[in-house]
Chemist: 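Handing you this structure, nothing more for now.
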Amino acid sequence: MCNLLPFGKRDAGSQLTIGDCIELGCSNHEKLYEITIEDRYNALLDFFKKWDWKDKYIIFCIGNTNCKDINLKKSYLRRFLEKLYALEFEKVFKPFEHSSNKTYTYLYHDNEKKKFITYQGSSGPHINRGINFINKLLNT
């Protein structure tokens with residue numbers, strides 16, 4: 001489990017001071033945020049490649065879908081996955097579709113049903129709900 005966002009939650013309302021940013025090599029918080037994201041993307045890409053990730057089952061947790069910046073989180077995850085797969089997100093992942101013809105826009109899977117994106121995985125009930133959706137998909 002790895003947080004793609006630097007220095008805790010972006011929506012927590014706390015930011016590093018300009019002095020802290022300068023000490024870390026950036027002129028402002030936004031620039032530091034962007035280079036930290038890129039550094040984490042690159043570290044994760046190296047990790048996945050090192051452990052032959054294509055043959056593994058992987059669950060990506062997007063985080064709390066009720067937060068005010070869920071679209072920002074989705075865009076960061078999409079950007080990372082497009083780098084990992086070297087393809088556009090939509091060519092790799094498709095949304096889960098429920099038997100009632102309801103589409104869950106924050107639940108995705110790849111064609112091989114080995115890679116999954118689900119919502120927040122920070123507690124047992126959230127993880128279990130995501131796993132239950134994945135089990136239903138695998139058993140259909």
Side-chain angles (χ1 to χ4, degrees):
M1 186 177 241
C2 179
N3 184 359
L4 290 176
L5 305 179
F7 310 116
K9 295 180 179 180
R10 186 175 191 171
D11 60 350
S14 60
Q15 291 186 354
L16 297 175
T17 66
I18 293 296
D20 292 333
C21 292
I22 290 170
E23 191 171 321
L24 292 169
C26 294
S27 58
N28 59 53
H29 187 263
E30 289 75 24
K31 181 67 177 164
L32 181 62
Y33 193 86
E34 284 301 315
I35 65 166
T36 303
I37 291 282
E38 289 304 313
D39 286 348
R40 288 188 182 187
Y41 282 1
N42 292 333
L44 279 171
L45 289 170
D46 290 345
F47 172 82
F48 279 109
K49 289 173 184 173
K50 178 181 176 182
W51 296 104
D52 198 21
W53 61 275
K54 290 185 179 184
D55 293 330
K56 308 267 189 288
Y57 285 88
I58 301 173
I59 299 173
F60 298 93
C61 296
I62 195 168
N64 188 343
T65 57
N66 295 323
C67 70
K68 64 183 176 184
D69 68 347
I70 187 63
N71 288 327
L72 185 62
K73 287 182 180 183
K74 285 180 182 179
S75 71
Y76 282 126
L77 181 63
R78 280 176 181 251
R79 199 165 93 196
F80 168 71
L81 291 171
E82 285 178 351
K83 284 186 174 193
L84 181 63
Y85 283 91
L87 284 172
E88 290 179 30
F89 182 87
E90 286 78 12
K91 291 185 178 179
V92 178
F93 288 95
K94 57 186 172 186
F96 280 68
E97 291 182 11
H98 193 267
S99 58
S100 65
N101 294 328
K102 181 176 181 181
T103 298
Y104 294 95
T105 57
Y106 52 89
L107 295 167
Y108 295 90
H109 65 89
D110 66 333
N111 289 328
E112 295 177 5
K113 297 182 181 175
K114 283 186 139 183
K115 312 293 183 281
F116 305 93
I117 298 171
T118 185
Y119 47 87
Q120 185 171 338
S122 62
S123 68
H126 288 111
I127 292 169
N128 288 338
R129 190 178 304 154
I131 295 296
N132 287 340
F133 275 114
I134 291 167
N135 282 331
K136 284 180 187 176
L137 175 71
L138 292 174
N139 292 318
T140 57

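Since the model is a prediction, treat every value here as computed from it, not as a measurement. Position 1 is the first residue of the sequence; numbering continues from there.
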Chemist: To the nearest 0.5 Å, what is the distance between CG (Asp55) and CD (Glu112)?
Modeler: 8.5 Å
Chemist: Of the non-hydrogen atoms in Phe93 and Phe116, which two are nearest, and what is the gap between them?
Modeler: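 Shortest heavy-atom contact: CE2-N, 4.5 Å.
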Chemist: Does this structure show an ion pair linking Glu38 with Lys83, if we count only N-O contacts that are shorter than 4.0 Å?
Modeler: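 Yes.
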Chemist: Is it the case that the side chain of Glu82 and the backbone of Glu88 share a donor-acceptor pair, with hydrogens and angles ignored and the cut-off at 3.5 Å?
Modeler: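 Not a single qualifying donor-acceptor pair exists.
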Chemist: What pair of heavy atoms forms the shortest contact from Cys21 to Asn28, and how long is it?
Modeler: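 That closest heavy-atom pairing would be SG-C, 3.7 Å.
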Chemist: Mind checking the CH2-CD1 spacing from Trp53 to Ile58? Nearest 0.5 Å is all I need.
Modeler: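 Result: 7.0 Å between the selected atoms.
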Chemist: Please check if the number of heavy atoms outside Lys113 that lie under 6.0 Å from its NZ is greater than 12.
Modeler: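 Result for NZ/Lys113: enclosed.
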Chemist: Arg79 and Ile37: which non-hydrogen atoms are nearest, and at how many Å?
Modeler: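 Heavy atoms only, the tightest pair is NH2-CG2, 3.4 Å.
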Chemist: Between Lys115 (side chain only) and Lys56 (backbone N and O only), is there a donor and an acceptor less than 3.5 Å apart?
Modeler: yes
Chemist: Same hydrophobic cluster for Ile22 and Leu32, using side-chain heavy-atom links shorter than 4.5 Å among ILVMFWY?
Modeler: no
Chemist: As an exercise, state the distance from CZ of Arg78 to CD1 of Ile117, rounded to the nearest 0.5 Å.
Modeler: 7.5 Å
Chemist: I need the minimum non-hydrogen distance between Leu84 and Leu45, along with the two atoms involved.
Modeler: CA-CD2, 3.4 Å
Chemist: Within a 6.0 Å radius of atom NZ on Lys114, are there more than 12 heavy atoms belonging to other residues, nucleotides or ligands?
Modeler: yes
Chemist: Tell me whether the rings of Phe47 and Trp51 are parallel (<30°), tilted (30 to 60°) or perpendicular (>60°).
Modeler: tilted
Chemist: Can you check whether Leu81 reaches Tyr108 side chain to side chain, under 4.5 Å on heavy atoms?
Modeler: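 When only atoms from C-beta onward are counted, Tyr108 and Leu81 do not touch, as no gap falls below 4.5 Å.
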Chemist: Should the ring pair Phe80 and Phe48 be called parallel, tilted or perpendicular, given that the plane angle runs from 0 to 90° and is split at 30 and 60?
Modeler: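 Correct class here is tilted.
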Chemist: Could you give the distance from CD1 (Ile134) to OH (Tyr57), rounded to the nearest 0.5 Å?
Modeler: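 Going from the CD1 atom of Ile134 to the OH atom of Tyr57 covers 11.0 Å.
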